[in-house]
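Residue numbering restarts at 1 for every chain, and letters A, B, ... go by the order of the sequence lines.
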Number of protein chains: 2
Amino acid sequence: MIFSKRCLHALRAVLYLGVQPPEREFVPIREISQKLDIPFHFLTKILKELADQGFIISSRGAAGGIQLAKPTSELNVKEIIESIEGEDYFSGCILGFSKCDNDNPCALHDRWVAIKAEIQMMLGEEHLESLADRIKTQGLRLLEI
Amino acid sequence: MIFSKRCLHALRAVLYLGVQPPEREFVPIREISQKLDIPFHFLTKILKELADQGFIISSRGAAGGIQLAKPTSELNVKEIIESIEGEDYFSGCILGFSKCDNDNPCALHDRWVAIKAEIQMMLGEEHLESLADRIKTQGLRLLEI
DNA sequence: TTTAATTAAGACAAAATGGTCTGATTTAAG
DNA sequence: CTTAAATCAGACCATTTTGTCTTAATTAAA
Ligand code: FES
Ligand code: FES
């Protein structure tokens, strides 16, 4: 699998927020946990990271929960992934060398940089808005991992 | 990182075999372990898997070691990876759903299947021969992880 | 036939990842 | 002010991955 569980849980949680009707304010983590079948306390920790990174806002207490920090059009998928997996997640060498380096390439370097560029472009273009839109209008799946 | 350590160690070990002069027969695992800085016993276990899968041949005893089971032109990178990571490693859903399914796609499905196809094509085309060739003629790196 | 060099096997340990639990803190509302 | 509902904090546990160690089996060559 390409992404860690933490990252997948994070992505699916923000997607869940993205498909909520705009009038909804704070969504309890318990609800997300139940609807997406993600362990509650685990999810809480993951979402705290997203809050620290400024992707979501959280509010304690009754009527509390979490909420997207920006409009879905400004929430980028690549950025969310990198905030969980690490900044240079998409820049590594496919053969695992410490740095993917034009000046010291591995045997798959040329081919891999081309594909990496496409992946980065793809994820860099995708915002929560487009994903949430597709989920809502085409009924794409969000449940079951 | 995309591939597990086990997979990276396996790939680098067979690459090491691939760049050996053709007259060399069995190469001791200890040599590979030292040259590539891979833990010996760990590497032994990984290579046993490759031997069981028919990619390499091993011989015990003095003057023993391992050897590619076929000409480098017949050893495919994708197959080696799949033998370590699992057959369906390159067919999963990017959002971690249980199956990447045209009939029940996720919000990134269309874009991801396109990129997956490129990755599979790329790795399916690459044989040990081409990689070993590049390493030898262009001095590409094989050391340091 | 002995010895040295090698892989094979499997128990074990360490580290990373994934997950659980309890209690403290905060907040809205009765 | 009290209570209920929520996040926050951190210790803890479980599983998977990675790595270590010891011993057995095998083989070529002295
Ligand atoms: S150095 Fe390996 S992919 Fe660039
Ligand atoms: S269903 Fe998610 S990538 Fe195909």
Exercise. What's the CZ-C1' distance between B:Arg30 and C:dA4, to the nearest Å?
Worked result: 14 Å
Problem set entry | 5′-ward residue of the pair A:Arg6/A:Ala63 relative to DNA chain C | A:Arg6
Exercise. Among the nucleotides C:dT7, D:dA6, D:dT18, which one has an atom lying closest to any side-chain atom of A:Pro28?
Worked result: D:dA6
For this session: Spell out yes or no: do the side chain of A:Lys45 and the base of C:dG19 have one donor N/O and one acceptor N/O closer than 3.5 Å?
Result: yes
Exercise. Rounded to the Å, how far apart are A:Ile57 CD1 and C:dT26 P?
Worked result: 19 Å
For this session: Identify whether any heavy atom of B:Phe40 sits under 4.0 Å from a base atom; if not, whether one sits that close to sugar-phosphate; answer base, sugar-phosphate or nothing.
Result: base
Exercise. Any ion pair linking A:Glu31 and A:Arg24 (charged N to carboxylate O, less than 4.0 Å)?
Worked result: yes
Problem set entry | N/O (side chain, B:His41) to phosphate O (OP1/OP2, C:dA9) under 4.0 Å | no
Problem set entry | Earlier contact from the 5' end, DNA chain D, for A:Ala51 and A:Ala62 | A:Ala62
Exercise. Quick check: does any side chain N or O of A:Ser130 sit under 3.5 Å from a backbone N or O of A:Glu126, one acting as donor and the other as acceptor?
Worked result: no
Exercise. What nucleotide, of D:dT18, D:dA9, C:dG18, holds the atom closest to the side chain of A:Lys48?
Worked result: D:dA9
For this session: Taking only the side-chain nitrogens and oxygens of A:Ser58, find out if one of them lies under 4.0 Å from OP1 or OP2 of D:dC8.
Result: yes
Exercise. Taking atom C1' of D:dT7 as reference, at what distance in whole Å does atom CG of A:Leu47 sit?
Worked result: 11 Å
Exercise. Salt bridge or not for B:Arg134 and B:Glu129, using N-O below 4.0 Å?
Worked result: no
For this session: Starting at atom CG of A:Leu43, determine the distance to atom P of C:dT20, rounded to an integer number of angstrom.
Result: 12 Å
For this session: Find the distance A:Glu25:CD to D:dA5:P and express it as a whole number of Å.
Result: 20 Å
Seminar exercise, completed: From CG of B:Asp52 across to C1' of C:dA9 the rounded distance in Å is 12 Å
For this session: Please check if any side-chain donor atom of A:Ser4 sits under 3.5 Å from a side-chain acceptor atom of A:Glu85, or the reverse.
Result: yes
Exercise. Starting at CD of B:Glu31 and ending at C1' of C:dT7, how long is that distance when rounded to a whole Å?
Worked result: 15 Å
Exercise. In terms of the angle between their ring planes, are B:Phe3 and B:Tyr89 parallel, tilted or perpendicular, with boundaries placed at 30° and 60°?
Worked result: tilted
Exercise. So what does B:Ile29 hit on the nucleic acid, given a heavy-atom distance under 4.0 Å: a base, only sugar-phosphate, or nothing?
Worked result: sugar-phosphate
Exercise. Whole Å only: how far is the CG atom of B:Leu8 from the C1' atom of D:dT18?
Worked result: 12 Å
